[in-house]
Amino acid sequence: MVVENYKELSQKSAQMFYQSIINKRAINLGLATGGTPVGFYQELVKFLKGHDMTECIRTFNLDEYIGLSKGNPNSFYTFMNDHFYKPLNLSDDQTFIPNGKADDLEDESSQYETLIQSYGGIDLQLLGVGENGHIGFNEPGSHFEQRTHVVNLKPSTVQANARFFNSIKDVPKKAITMGIGTILDAKEIIVIANGEHKAEAIYQLVHGEKSRNWPITALKGHSNVTVILDEAAANKVKLRQAT
Ligand code: PGA
């Protein structure tokens, strides 16, 4: 789906989430952080604010930096709290995100995986994409079967995320992320991407071969994926003309 601009991309993706939420008595949402979904959260909060249906939502985030406490302004927990949990008054037993300060990170990863499965898996997953094609923090080269695990971030990812920190030195070099296998288990996936710097990754998703060099191409094996793009992110995709 190609939309005109970022506002429309945010509205469209939030509307799809809203429709799924109101159609279900209980729903497990897989959620993402980063620059792209900020507008999505603004719009979804507008749709949901004041509705008692927020009680039926459970959220599971894709990833968290290792070494940042929940209260750190750059943690993904803080991002989620500011953009989604707090505005909707969601409680701790509805909102899950890996603990990047766990003593045993391997154990934290496998417990997070088990937690998702114990709640019945993810119904609807939101994904952004890195310029290098990563989904969650699954960097190029990742195996498509992997479950939640500890990753070393590529220098290009550290660089891309430095804009959120005071200095690039402060950007963690490791994270816990759902694996591509975990992501592919979601019943439905919505990918959002805007800007020309995402165009190559989107091209690979639509026209490229399935390849570990471009983790997003793993989604080619999934039966229910919607990709919402602005015109810049779609500019390498050969669109069919409407007849
Ligand atoms: P961005 O990150 O939304 O900040 O561009 C997306 C991602 O790396 O998955």
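Each ligand, and each atom within it, is numbered from 1 in the order the structure gives. The structure presented is a predicted model; accordingly, all values stated were derived computationally and were not measured.
For the ligand labelled ligand 1, residue His197 lies outside the 4.0 Å heavy-atom shell. By the 4.0 Å heavy-atom criterion, Glu131 is excluded from the residues contacting ligand 1.
From the protein, the heavy atom lying nearest to atom 7 (C) of ligand 1 is His134 NE2, 3.5 Å. In terms of protein heavy-atom proximity, atom 5 (O) of ligand 1 is nearest to Lys198 NZ, 2.7 Å.
For the side-chain hydrogen bond (donor to acceptor under 3.5 Å, both in side chains) with Tyr65, the qualifying choice from Asn74, Asn161, Asn72 is Asn161, the only one to do so. Screening Ile57, Ile22, Leu90 for a side chain to side chain contact (heavy atoms under 4.5 Å, CB included) with Leu48, the sole residue that qualifies is Ile57.
Enclosure of atom CG in Asn166 is not indicated, since only 12 or fewer non-hydrogen atoms of other residues, nucleotides or ligands lie within 6.0 angstrom.
Checked against the 6.0 Å centroid threshold, Phe96 and Tyr119 count as a close aromatic pair.
Between Arg58 and Asp123 there is no salt bridge, since no side-chain nitrogen of the basic residue lies less than 4.0 Å from a carboxylate oxygen of the acidic one. Salt bridge annotation for Glu113-Arg147: present, with a cationic side-chain nitrogen under 4.0 angstrom from a carboxylate oxygen. Classification of Glu43 and Lys7 as a salt-bridged pair holds, one side-chain N sitting under 4.0 Å from a carboxylate O.
Of all the heavy atoms of Val129, the ones lying under 4.0 Å from any atom of ligand 1 belong exclusively to the backbone.
Considering both main-chain and side-chain atoms, Thr33 never comes within under 3.5 Å of ligand 1 through any nitrogen or oxygen pair.
Heavy-atom contacts of Gly128 reach the following atoms of ligand 1: 9 (O) (cutoff under 4.0 Å). Less than 4.0 angstrom separates some heavy atom of Thr36 from each of these atoms of ligand 1: 1 (P), 3 (O), 5 (O). Those atoms of ligand 1 that come under 4.0 Å of a heavy atom in Gly35, given as number and element, are 1 (P), 3 (O), 4 (O).
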